[in-house]
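The structure appears right after this line, and notes come after that.
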Amino acid sequence: DLEMDNGDEFKRSAPRDLFRVDDSDSNEESDDEDVKDTEDRSWFDNVAALYKGKGKNLMEIVYGERAVDSRDANSDDDGELLRLVNDKQNEHSVFVDTIDSSLYCPTSEEWTNWEESEMMEKLKDRFSGAAWFEDVDESLINDSDEEVYGDFEDLEAAEGDEQMKDENDDEESDEEDDSEGDEESAQMKRLKAKEALKAKFNAEYDDENDSNYLEDLQAQTEKQIRLNEEEFAQDDPVLRAQLLGYECGTYIRIQLSGIPCEFVENFDPKLPLVVGGLLPNEHNLGFVQTRVKRHRWHRKILKNNDPIIISMGWRRFQTLPLYSLADDSMRHRMLKYTPEHMHCYATFYGPVTPPNTGFIGFQHLRNNVSTFRVAITGVVLEVDQSFQIVKKLKLTGNPFKTYKNTAFIRGMFNSELEVAKFQGAAVRTVSGIRGQIKKPLKVPGTFRATFEDKVLMSDIVFLRTWYPVHAQKFYNPVTSLLDSEWTGMRTVFQLRKDKQLRVPVNQDSLYKPVEREARKFNPLRIPKALEKELPFAAKPKRLQKKEKLERPVLIGYGNKEERQVNHLLQQLGTVKNEKIRKQKEKREKDYAKRQKVVQAEKEKREERTKASRKRVFRLQGIEKERAAKKRKY
């Protein structure tokens, strides 16, 4: 009886005090009770007394006799996931006393003596209590497997223990509420940290919800203005102007030094003055290469090296642009005039300006003109001390002596030095024979050249070269505020118009009639050996033309019979000729009638073809409209 009573006591206390892990360590009362239970050593005596009987079952020791007896009663419960296997002792009583070879059966020597103090200390460490959680971090307890697997639930407990569980549910619910509150607060902190990191990532890499650069810059400017107003609201206006500068809309007075006297004398208060500043590097002058295009409303094309007024940045100046165009080999070739409907390059001498700066150009400052004043528009590409621009130069010469593929040329150069500069250059004849300059001769300007084939004495040899052209250093600032009648450099056309001069005519530039003598070629002579091997079609035909023998007609000679015969033949010939004439006229009339009939049939055929084509096109249009409606719906 004592052992059973002790077993009942152990049965009631073991499931909750020894094997249940309580995560709610925040409750001080439960902690105190657990500490007291660990200090109480009486339950070790009960465990030792229970283990004295070797025939005791482990299930009976831990859960009691009622738990063992209730296995058969709960075996029919299909709702449980894990359930105990039913005892089949009644059905298979024959195999009860047999040895189970699948289990390990320890001997008496291998049994553990739980009465020893060392074994009892080891057994004590196997069970958890309040003292075990003192040195454990709370994060380990809160982040336990409870969220994944749920609370520990004893499905094998006896029915009698349910009442005791119900009594302790209220205490456990309070502890669980506190633990759940801590877990929710920690979870909320983690969610807030994740949202902050996500917002930071989206602000850096996500462009969909992000504003553009202009809006951000405007927002920063407004924010800075608002901060400045709040910071300097109580300061003196003079101090605020020294620190922040003058605000927009404020009337100020500027003192300018070094102004010419003409500015004061010709000052017009009706004209507004625009005050600006230049950077230190913008005071330098150099060659500027730009891409320009004639304005489509300007009537005339622009001529090379004609003065033009350019308005670029804060400056207006007059310069002489040099127009060019880049070919396939990236060589800038000079142009005499600007292209009609395409861009070109313009190189001029002016102030150093950053690339991608736009500008406009016009030829005069007068306002009383009926045409459109803006001549060109362009953008700055590059600034440098010099640019390489070339123009085509063609030198010609004539051969004065030939020998096989070698020829001696004169009239192309004037000295041996010029020949030496072009030594190795490629030359060409009008007939297309290519050659190369080899070496100068003793006579100044003459040289020896070799060609692919023999050159004729009548051929013209020419050399294509490129001559460098440099833009002129002309920079004339527009001083219209100093002189109201400022005109600047005038073009050649304006000078000739003002001075009433005619255009000079160069007699060498006029076209003259070309008189060429007829060339006489030597006859073709083919060797006899080669002529034998040629086909008949290619052989020369040396047939002599036979002279036509004309029969003399003697009039007034012969006897009477011959004259009668001749007269009769003449009459017959006249009749024949008349008959042929009438047949010819009839054929012409029939042909005219036939042509009218054919033309009428052709017109009818064209009308039928036109009508059939029109009908086919109309049917095709109807089919297309139907197909479009089907796709639409």
Side-chain angles (χ1 to χ4, degrees), residues 259-274 285-290 292-325 334-341 343-351 353 359-378 389 391 467 469-511:
I259 301 299
C261 62
E262 291 83 2
F263 179 78
V264 180
E265 294 176 355
N266 300 323
F267 179 72
D268 188 1
K270 297 180 181 179
L271 297 176
L273 297 179
V274 180
L285 296 178
F287 288 98
V288 183
Q289 190 176 61
T290 61
V292 299
K293 183 180 180 182
R294 182 187 67 87
H295 200 282
R296 58 180 179 177
W297 292 350
H298 195 262
R299 291 184 178 180
K300 298 180 180 180
I301 58 176
L302 303 178
K303 188 180 179 181
N304 191 24
N305 276 333
D306 267 2
I308 191 169
I309 300 171
I310 293 177
S311 176
M312 184 168 57
W314 294 105
R315 289 187 173 99
R316 289 190 306 168
F317 56 93
Q318 192 178 33
T319 185
L320 302 176
L322 185 65
Y323 302 113
S324 61
L325 193 65
M334 188 194 73
L335 299 176
K336 291 184 178 180
Y337 300 94
T338 57
E340 189 71 22
H341 301 292
H343 291 83
C344 68
Y345 293 97
T347 306
F348 54 84
Y349 186 76
T353 309
F359 65 91
I360 60 173
F362 40 91
Q363 291 182 334
H364 48 76
L365 297 176
R366 297 191 303 272
N367 295 326
N368 54 352
V369 291
S370 58
T371 58
F372 195 72
R373 285 200 306 163
V374 178
I376 59 172
T377 58
I389 301 173
K391 69 176 182 178
Y467 182 77
V469 182
H470 303 284
Q472 299 183 13
K473 288 186 177 182
F474 177 74
Y475 172 72
N476 185 17
V478 177
T479 58
S480 58
L481 296 178
L482 304 180
D483 186 7
S484 59
E485 298 180 357
W486 184 89
T487 55
M489 181 184 289
R490 291 176 292 179
T491 62
V492 178
F493 170 74
Q494 292 175 350
L495 290 173
R496 290 172 181 167
K497 184 179 180 181
D498 295 341
K499 295 183 179 181
Q500 297 180 357
L501 298 177
R502 293 184 178 181
V503 179
V505 179
N506 189 3
Q507 297 295 331
D508 294 337
S509 300
L510 298 178
Y511 289 98

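Note that this is a predicted model, so its numbers are computed, not measured.
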How long is the span from the CD atom in Q472 to the OG1 atom in T319, to the nearest 0.5 Å?
9.0 Å

Residues that T290 engages under side chain to side chain contact (heavy atoms under 4.5 Å, CB included), provided they are two or more places apart
V288, V292, A346, F348, F359, V380

Distance check, rounded to the nearest 0.5 Å: I310 atom CD1 versus R315 atom CZ?
13.0 Å

Straight-line distance of N304 CG to Y323 OH, nearest 0.5 Å
7.5 Å

Is there a side-chain contact between F474 and N305 in this structure, where contact means two heavy atoms from C-beta onward sitting under 4.5 Å apart?
no

Would you check if H295 and I360 make a side-chain contact, meaning some heavy-atom pair closer than 4.5 Å?
no

Using a 3.5 Å cut-off and no angle test, enumerate the donor-acceptor pairs between side-chain atoms of residues 486-502 and protein atoms at least two apart in sequence or in another chain.
| residue | atom | partner | partner atom | Å |
| --- | --- | --- | --- | --- |
| R490 | NH1 | D498 | OD2 | 2.7 |
| T491 | OG1 | Q494 | N | 3.3 |
| Q494 | OE1 | T491 | N | 3.4 |

Closest non-hydrogen atoms of W314 and V274, given as atom of the first, atom of the second and distance, are CZ3-CG1, 3.3 Å

Once salt bridge (charged side-chain N to carboxylate O under 4.0 Å, His left out) is applied, what residue pairs with a partner in residues 293-313 remain, sequence neighbours excluded?
R294-E340

What closest approach, in Å, do C344 and S324 show between heavy atoms, and which atom pair accounts for it?
CB-O, 3.5 Å

Separation between CD1 (I389) and CZ (F287), nearest 0.5 Å, reads 9.5 Å

Closest approach of L481 to N266 (non-hydrogen atoms, all atoms of both residues)
O-CB, 3.9 Å

Has T338 got a side-chain atom pairing as donor or acceptor with I301's backbone, closer than 3.5 angstrom?
no

Restricting to pairs with a member in residues 474-483, which pass side chain to side chain donor-acceptor pair (under 3.5 Å), not counting sequence neighbours?
R316-S480, Q318-N476

Taking all atoms of both residues into account, what is the closest heavy-atom pair of L482 and E262, and its distance?
O-CB, 3.5 Å

So, do H298 and F362 sit near enough that their side-chain heavy atoms are less than 4.5 Å apart?
no

Partners meeting ring-ring contact (aromatic ring centres under 6.0 Å, His included) with Y345 (sequence neighbours left out)
H332

Closest non-hydrogen atoms of I308 and A375, given as atom of the first, atom of the second and distance, are CD1-CB, 4.4 Å

How many angstroms lie between atom CG of L302 and atom CD of Q363, to the nearest 0.5 angstrom?
5.5 Å

Under 3.5 Å, side chain of S311 to main-chain N/O of I309, donor-acceptor pair present?
no

With D268, which residues qualify under side chain to side chain contact (heavy atoms under 4.5 Å, CB included), at least two apart?
K270, L271

